[in-house]
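A note on names: the letters A, B, ... follow the listed sequences, proteins ahead of strands, and every chain is numbered from 1.
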Amino acid sequence: MAEIDKNFMTTYAKVATHDGDDEPIQIWAKDADSYGGVGTDKLGIWGSVVGVDFDICVADGACVDACPVDVFDWIDTPNHPASDKKAIGAREPDCIVCRACEEVCPVDAILITDPADIGSGTTDTVIEKEEKPAEAVVENQTKVVSEATSLFFKKPNKWLTTAKNVLAKEELPTTGIEKAKSMFKNLRKMTLDALPRGKNYIALVDNEKCIGCTQCVYFCNFASIDMISWDLKARTSQFESKKALILDDTCTGCTLCAFACPVEAITMEARV
Amino acid sequence: MNRTKPYSRTIPHPLFERLIVEDAMNEEKESWKPERPHEYGYFPGCVDFMDVEVKFTHLNKGDADHASIAAASIKLLNYADIDPLILDMNIFKCSGHDQLWQGQLEVFDALKEHNMRRLKESGIKIITCSCAECYRTFAVDYDLPGTLGIKVEHITQTLQGRGLKFKAPEGVTVAYHDPCRLGRMMGEYEAPRDLIQLVDGATMVELENNKERALCCGVSSMMYCNDATKAVRRKRLDQGTDAGIDLMLGGCPKCYMHMQCMLNEERMNPDEGHHHDYEMMDLMQFLVACLEEEN
């Protein structure tokens, strides 16, 4: 299966726009003939910062779940062979370029481009060449993560799969997952409003406060946090365990770890 | 978001506990009435809140799915010809077990007040829970039999002795891990074991420490997870390897969560050399997987 064209902003043409929540969403296609509009099988790439190739998207929903800032919405696209609905980046200006959706997409239909790179990349080909190594780094990193986690998928729990198949046969009442999801997103939104974020910021851990609970490790999308045993002096009197250490080369300043930390030991600081 | 409460310095709050506190402090005044009267009520507990956190973090690189415990329980209750009123989180709130045991008494009181009011409005005679912690909280801390005259049951007790039949799709060796709230606190050891005996094709073995001497999953009431609690959990998982099991079954979603988390973590760090070649499941999920052959 094909994946999204990494250079679509230079090789594709702008063919139409679609209403987003705040700003209109740019639609890109190879040429005017390869875009047929909603209801046909030719849809092209939707969005600039959050580029989703609708011809590849299979409406898996992983990106909708993964997005920490609730950028995605569903849009109905009848008569499309891949799926009859697509994930649209309706709140594109909210994107914090954490690339969680890129990583989880099962068909590689999403490409996130930093808003700061867009203006220069489309007009100047020299800068566009400089962009390529940055994308390669992201690709490598994604591969490392998938290798580390592929172990999980080697041996799926067949008993749980059987149970889920039995449960899927019947429409059983839900017990509050929608309420839980919206509460989670509200909490996340509050954190985002309260903290500075983006690539000019980095998360820092206060060793005096860190209790070594590893919540941040599980939340980080970029395997950017390690647990380190410091010498005894660095440990707090109350808790003797490993401390979180954030690696500055892969931290994207997405604030997820600060959100997850139960003791407010992580703060966002400007990069120097 | 107010996180600067005095207890937050000493007791870590995973996100889903923050969600429950947020939920508890939203006061709801309007009354509610079920569409029709029910004898049984089924309380799923906070499995959906757990799921939101587990799915968002990388804990879900395994395939843990807590919401399926609630769905499985409803399906099994229907299979036993019981039509329960679903006391879901849209109408009810968390039972407040963790908050009580962590000492957040004002949060617990808010949750209890809301749930007691809703239970009075629901008109049910028996409440059944798939979570051992909810079971204990309703029976002892809410004292539902004494205050509202509602009988409290764990779902294994509800399903016990109803002539259910199960057949495992293939031969499997299982062991039952006693949750502390169901076993040592409420003294129920036999109901879940009787249910496992009903499964044709499943061999039940006992772990080295069982019943009243069972080992803990290590993170009672979400208090803390560190190297020491992980050591307890690893000891428990080692007993499973020693007994040669294919599946470890629990009666509490928290046991499932913590054990599966440990199994996933071990698989994520294979170079550390700890490995357990079996899976943790909730008893309800296992029974539903064994239902297929019957239908």
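The shortest non-hydrogen separation linking A:Gly176 to B:Asp48 is N-OD2, 3.3 Å. Taking both residues in full, the closest heavy atoms of A:Ala163 and B:Val288 are given as O-CG1, 3.6 Å, listed atom of the first, atom of the second, then distance. What you find for B:Ala71 and A:Leu172 is that their closest heavy atoms are O-CD1, 3.5 Å.
Counting only heavy atoms from C-beta outward, the side chains of B:Asn78 and A:Glu170 approach each other to under 4.5 Å.
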Worked verdict on A:Met183 versus B:Met89 for side chain to side chain contact (heavy atoms under 4.5 Å, CB included): CA-CA 12 Å; A:Met183 284 177 64; B:Met89 296 296 271; over 6 Å; no
Derivation of the side chain to side chain contact (heavy atoms under 4.5 Å, CB included) call for A:Trp159 and B:Glu170: CA-CA 10 Å; A:Trp159 287 92; B:Glu170 56 186 274; 4.0 Å; yes
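Between the CD1 atom in B:Ile74 and the CG atom in A:Leu167 there is a gap of 9.5 Å [rounded to 0.5 Å]. Separation of atoms CG (B:Leu19) and CG (A:Leu187) is listed at 5.5 Å; rounding is to 0.5 Å. Rounded to the nearest 0.5 angstrom, A:Leu160 CG and B:Met280 CE are separated by 12.0 Å.
Contacts of A:Lys181 with chain B are made by both backbone and side-chain atoms, with heavy-atom separations under 4.5 Å. Contacts between B:Phe92 and chain A at a heavy-atom distance below 4.5 Å involve the backbone alone (N, CA, C, O). There is no contact between B:Ala67 and chain A, counting heavy-atom distances below 4.5 Å.
Chain A forms the most heavy-atom pairs under 4.5 Å with one residue out of B:Cys46, B:Ala70, B:Ala72, B:Gly45, and that residue is B:Ala72. Between chain A and the options B:Ile86, B:Leu87, B:Asp23, B:Asp246, heavy-atom pairs under 4.5 Å are most frequent for B:Asp23. Of the listed residues B:Asp282, B:Ile91, B:Asn90, the one with more heavy-atom pairs under 4.5 angstrom with chain A than any other is B:Asn90.
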